[in-house]
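Read through the structure below, which is laid out as structure tokens, and then see the notes.
Letters go in sequence order (proteins before strands), and every chain restarts at 1.
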Number of protein chains: 2
Amino acid sequence: MVKLVSTLGTSPGGVFETFMNLRQGNYEADNPVPVDVKVVYVIRTSDPAVERAFRLLKAIFACCGGRDVEVVGIPLNMNDINSRSDYIQFRREVLSRISSEDYVDFTGGRKAMSVAAVMAARQREAHVITSIIPQSDYNEIQNRMKNFRDEDISAGERGECRVDFCTLTSRNVKTILLE
Amino acid sequence: MVKLVSTLGTSPGGVFETFMNLRQGNYEADNPVPVDVKVVYVIRTSDPAVERAFRLLKAIFACCGGRDVEVVGIPLNMNDINSRSDYIQFRREVLSRISSEDYVDFTGGRKAMSVAAVMAARQREAHVITSIIPQSDYNEIQNRMKNFRDEDISAGERGECRVDFCTLTSRNVKTILLE
């Protein structure tokens, strides 16, 4: 069973877009084929803004076409990678979740997280993938995110789509398989 | 001869700070020792803001304690990593510059550049290092950068330090050896 293992920062859309594009075979690669991802592991810190992004991400999956997928959060007990031991813990966590057929997506989160994740991917000889979003779309979506109310997000996580969570995704994303 | 191979974005300070901390043995590692770096390769895109950051970086080296070091720019013919072939080119460029005793610093530049650089480092079994700067210092320095005039930067590159380029570095940076 193929897994997508994604790092998450404050912006949830990238994880969903990588997932959708992977599932549809809509990505740049030598031979892009649809990949039937059934589980998404989301490795993230305990920063409150990242916690909120994760809840929005679950709502996006529930309301925008990923209801048949299990989205599993892996919260780590750190606010960011601030030390060597944070890095080692982050890298080890990714490593423990992946095997060679899996896809590691470093679109979300801060740079050291991306590096920890792809180093783990490399060690397992797993795939490495990312999505590129135009800066203007990114900024617009970051602004939109502020307007979602807590109770609507909670409902969204349960699959009650009272508001349009799909406005937190972009149509102009390009997904690239790198390794 | 040990080299530092750094990616560069729009902020020059990080490369200099990694260099200084490496040279002084002032970094987090199992056994931090001073590393006598004599050459710094700066791999960067052709984005005009990145071009300007590179000129500022040369002025910082000339005026803030790195005059005995050769700073070599490696401009790539792209504005960002926007495709698989950009990624491959970036990764290959880093790979061609490093051997196992070298240090690859991914502090500067965008996330896909960091990933390309550390993947190359991993392949060569070179070291991977980064510097972390508090967000408030980063923002302040990005603002300060705007005030430097072109002619002063040109003079700084030649070692004429008419203005204080060292204000583009932070005292609160932490450098970490990751691999």
Is it the side chain or the backbone of A/K111 that comes within 4.5 Å of chain B heavy atoms, both, or neither? both
So do the side chains of A/V115 and B/F106 get within less than 4.5 Å of each other, counting heavy atoms only? yes
Rounded distance (nearest 0.5 Å) linking atom CD1 of A/I176 with atom CG of B/D86: 7.5 Å
Whatever's closer than 4.5 Å to a heavy atom in chain A on B/I132 counts as side chain
Please classify the contact between A/D80 and chain B as side chain, backbone, both or neither, with a heavy-atom cut-off of under 4.5 Å. neither
Segment of A/L177 engaging chain B (4.5 angstrom heavy-atom cut-off): both
The interface call for B/S85 against chain A, heavy-atom contacts under 4.5 Å, is backbone
May I ask you to say whether B/E179 pairs ionically with A/R84, meaning some side-chain N is under 4.0 Å from a carboxylate O? no
Going only through I, L, V, M, F, W and Y residues with side-chain contacts under 4.5 Å, is there a path from B/F61 to B/V39? no
Considering only heavy atoms from C-beta outward, does the side chain of A/V118 approach that of B/M119 to under 4.5 Å? yes
Quick one: what part of A/S131 sits under 4.5 Å from any heavy atom of chain B, side chain, backbone, both or neither? neither
Between A/A29, A/A112, A/A117, which has the largest tally of heavy atom pairs under 4.5 Å with chain B? A/A29
First locate atom CD1 of B/I81, then atom CG of A/L178, and finally report the distance between them rounded to the nearest 0.5 Å. 8.0 Å
By a 4.5 Å heavy-atom criterion (distance strictly below it), what part of A/T107 contacts chain B: side chain, backbone, both, or neither? backbone
